[in-house]
J.: 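Encoded as structure tokens, here's the structure I'll be asking about.
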Amino acid sequence: MIKTVNLSKVFRTDEVETTALNLVSFSITKGEFVAIMGPSGCGKSTLLNILGLLDNPTSGEYYLFEREVSKFTERQRALLRKQNIGFVFQNFNLVDELTVFENIELPLIYRGMYSGERKKRVEQILEQMQIMHRKKHFPLQLSGGQQQRVAVARAVVTRPNLILADEPTGNLDSANGEEVMSILEKLNQSGTTIIMVTHSQRDADYAQRIIRLFDGQIVTENIRERFVI
Amino acid sequence: MFKNYINSAFRNILKNKFYSALNIIGLTVGLVSTIFILLYIRDELSFDKYNTNYKRIYRLESDFRIGEKHDKFAITSFPLAPAPKLEYPEIESFTRMFRNENMLIRCNNKEFYENNIWFTDSTHFSIFSCKFIYGSPGKALCEPNTIVLTQKLAKKYFGSENPLGKLIYTNGNTSYKVSGVIENLPGNTHIQYDGLISMSTIAKFIGFERFNSMQPEAFWNVNPFSFILLKPNVQIETLLQKSPEFYKKYMETIGKQINANFKLMATGLGQIHLHSTLTADEPTGNIFYVYIFSFVAFFILLIAAINYMNMATAKSTNRAKEVGMRKVIGAYRVQIQRQFLFESVVLAFISLIISLFLIQSFLPMFNTLTDKQMSFGIISDPLISVGILLITLLVGLISGSYPAFYLSSFIPAVVLKEKNKVGRKNALLRKILVVFQFVISIFMISSTLIVSSQFRFFQNKNIGFDKENLLFTQIQDTTFAKSIPAFKQELLKNPDIIGVSTSFGLPYNNFSIQVMRVENGGKMQEIALNNIIADYDFIKIMGMQIVKGRDFDKTRGTDLQKAVIINETAAKKLGWIEPLGKKIQYDLNLDGTANRNTRVIGVVKDFNYISLHNQIEPMVIFLQQRPGGYLTIKIKEGTINKSLGYINGVWQKFGVKNPFDYKIMTDSYNTVYAHEKKLTQIFTVFSVISLFIALLGLLGLASFVTEQRTKEIGIRKISGASVASITGMFYYEFSLLLGIAFVIASPISYFFLSNWLEKFAYHVTVSPITFLLSGIIAWVVTMLAISFHILKAATENPVNAIKYE
């Protein structure tokens, strides 16, 4: 499903050049749950942004669904992203001015889905995430755990093939964090590929494979349970 | 998607109440100003176009060249309309109009002085659109001594009864039968009349043959306005091309004798109000002011739009995360742009709704400011309402354009991680926009200062005669005219009455132009000169100054027939280094002789007898053979009420048939500059508005800037900075922007204002002090406006600032 070949990312300003990723190569098969770990500044989020088509690599190749996408334009990336990828962020990134229902509905609007169909899909997800009773509330009226559940709901409402999670439990207490991780685990068990960036070993243990980065390079891959087609 | 945009737009407006309020206030004030200006311009452009056939109606005008003197008149001679009607089939109809000033009307035991009664031909209603309430247009003014009243005048004289067939009387007991009542004229007509008397009345009075004469002499005295209605599909140029042949046939005989020439001119009815600059015209508008106000409206709206742009981009930090997330979940850039444009358009339409309420409330005040009579119903005019909607939409789109472009450019990977970095970028563009706003504001302030300075100049300039404490009236009663000398003596018994004079012609009211013969190198040469015919006391009463020779002297018997006084400009123009003793012949005969053969006895210092818009021209003052014309009374300062009581008493004692209806010279003078006075008032109002809107933007920006730099302020204070140094830092930054605006605005203002002043023969000079004052005003007001936020930030506990971060 995913394959990177010598992926590199260099950030340049007038005076400073920073290599965030250096010749990173790996592959991920469909249905895998992969955790990416490493110290702060090792390039985890940069890698996730590239995998999620939020950024382009400086060099190297990135194959997603058998297509080489490293040179895609913003519009091409946006199209591929909305059709296939869901995102979960550490700080939830919900739109404060929209209700829970409207936040979850947003990706479906951008896909051009009709309102009747949207309503049905969103309510289904709300039930699944057990937040139907909060559908008319605004994000600031919810707890951290509830907000992250909404974010996960938004990520999965389009039934993506791939979910990218950037420290999804980073702003949550342990109980809420466990709750979110178990949701991700269930999603993975139903066939969704998940790539998660985390500092937490406990969270990483939910994954089948852990890729460790250091200074922009893969140092180890710890395969807990290699998924074989 | 639309519902999503609406929800997002309204909730964002409510979430940021302070900034939303600033934006709405700014846009509202901008829209109110613009809509008012739009209404004003529409009214100005619509003058006379309510007439169904206005596109075919033209006013004939006269272009005279007499010697070197070249004059263009809005009025013509009496036969100038009927003659072409006979000659040229292109003309369907004609009508003439002239005002009967200060007409005394007696009706139902009441007396009224009317200044808006005009004489006109019976064809008037076949050319101009008038709605008859009583009577019929085809018959109303066919007979002599008939009058058509407007509704307003009919109500004044007859109340609610039908006046058709009733009689009204004028001086000398002449009666006029009311033959029609028409609806009041709309405000947008260049000739406002309250009543129309049949032109055949004059024909009957002086003789039909004489009135309808088409002898050459009849074409060389101008009086009425003449209008023609062309047949459909006829171009006016076709007619004007025939002017030379017309002149040859009807006017050349006299023209050759007096070294004169004539050309026929014409202006379309719809063009007269804004484009006519001819002599002897009714008060008109000025297309120049339409352009100015169009620019003012544009700039005020631009300032309001820039405010929105600045505040939206400054607050972009708060929307960055949302933009990033929307892009992550699939929004294209154009969809983000559409969302923000939608928000700005919503804000614009909210402002429009508030604007409409404000316009309804302030319309009476605006009408007073502009001398108009617009009603709120004008908004429902399709052209106006579509215009307003389009302007609002345009404002919304322009205001939102840059924020939409800027905000939609955010890269999700950046904004979702680095919260505080966005918004600080583009500070340069924000500063440029602020500078631009202040360039406009400083320009408006400079313009206001110069326009009001020019107006004060008009008010205070030494015009060569003393216009203060002068009352005047027209002598209408011919029997009274004979008693003038005794009347004068009686008045002068009162110590508050300094002097009394009579004259045909008066500064700012009337004077005539006549062809005379003047001495030139031993020969007599024809030339047209302005002249006033006055009594012995005229120059003294007017406070004019004799700079050479002497004033008229009653004790010298020869002065009456042989003396003339000229002004300095006349001496210069005629090339007389020593003007005393030079000959001037007046009241000429065609055989080369003259009825008045005079010599110059004195030169009066130039006095402005017409508007200071125009250069002083040569003026000649002869003595009256008999009293008449204007009666002018000079009274002591501060005694007007007392003096009026005495004058009225003497007036009645002499049995004058009409009441003593007087005018004050300073009022006549001020009327000439009414335009400048209005312009000053209007410019002041719009200067204040543009500065106010710019300040709103600055208020928002000051709030944002201090909020953004809370941490910096905290650290500075912890490091030892005083409140004074913190506030000084911000004042300096804003002052720098103002300084740049001042440097840019000053030469631009100088260029435009100098050009405007050049249109006046007499004007103030544009001084650097004006621009300095504008800059200072803008600076002081700005510093006051932003002080609240700066002082609040500077006096904040620094620990809170660090904790916040």
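Residue numbers begin at 1 in each chain, while the letters A, B, ... track the order of the sequences.
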J.: Between A:D55, A:T158, A:L98, which shows the greatest number of heavy-atom pairs under 4.5 Å with chain B?
T.: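 The residue among A:D55, A:T158, A:L98 with the greatest pair count is A:L98.
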
J.: Considering only heavy atoms, which portion of A:R154 lies under 4.5 Å from any heavy atom of chain B: side chain, backbone, both, or neither?
T.: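 For A:R154, the contact with chain B is made by the side chain alone.
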
J.: Sort B:K3 into side chain, backbone, both or neither according to what part of it lies under 4.5 angstrom from a heavy atom of chain A.
T.: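 Neither part.
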
J.: Specify which of A:N93, A:L80, A:L48, A:T99 makes the most heavy-atom pairs with chain B at under 4.5 Å.
T.: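 Of the candidates given, the most pairs with chain B belong to A:N93.
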
J.: Using a distance-only test with no angle check, is there a side-chain donor-acceptor pair under 3.5 angstrom linking B:N4 and A:E102?
T.: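 No pair is found: no donor N or O on one side chain lies under 3.5 Å from an acceptor on the other.
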
J.: Select, from B:S8, B:G324, B:A331, the one with the greatest count of heavy-atom pairs under 4.5 Å involving chain A.
T.: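 Sorted descending by pairs with chain A, the first entry is B:A331.
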
J.: Could you look at A:R75 and say if it's the side chain, the backbone, both or neither that has a heavy atom under 4.5 Å from chain B?
T.: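 A:R75 touches chain B through backbone and side-chain heavy atoms alike.
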
J.: Do A:S70 and A:Y63 pair up side chain to side chain, a donor and an acceptor below 3.5 Å, judged on atom types alone?
T.: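 No, no side-chain donor-acceptor pair sits under 3.5 Å.
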
J.: Top residue by heavy-atom pair count (under 4.5 Å) with chain A, among B:I411, B:L14, B:N12, B:V334?
T.: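 Most pairs with chain A among the choices: B:N12.
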
J.: Is it the backbone or the side chain of A:I85 that comes under 4.5 Å from a heavy atom of chain B, or both, or neither?
T.: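 Answer is neither: A:I85 stays 4.5 Å or more from chain B.
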
J.: Picking from B:Q335, B:R333, B:R326, which has the most non-hydrogen pairs under 4.5 angstrom with chain A?
T.: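 Highest number of pairs under 4.5 Å: B:R326.
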
J.: Thinking salt bridges, do A:E105 and A:K119 make one under a 4.0 Å N-O criterion?
T.: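 Salt bridge absent between A:E105 and A:K119.
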
J.: With a 4.5 angstrom heavy-atom cut-off, could you sort out which part of B:M1 is near chain A: side chain, backbone, both or neither?
T.: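 For B:M1, heavy atoms of backbone and side chain both lie under 4.5 Å from chain A.
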
J.: Main chain of A:V180, side chain of A:R149: is a donor-acceptor contact present, judged purely on distance under 3.5 Å?
T.: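 Judged by distance alone, no pair lies under 3.5 Å.
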
J.: Mind telling me whether B:F410 and B:Y406 have parallel, tilted or perpendicular rings, with 30° and 60° as the class edges?
T.: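 Because their plane-to-plane angle is over 60°, the rings of B:Y406 and B:F410 count as perpendicular.
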
J.: Tell me if the aromatic rings of B:F342 and B:F2 count as close, with their centers under 6.0 Å from one another.
T.: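 Between B:F342 and B:F2, the centre distance is under 6.0 Å.
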
J.: Does a donor on one side chain and an acceptor on the other come within less than 3.5 Å for A:Q148 and A:N176?
T.: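 No.
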
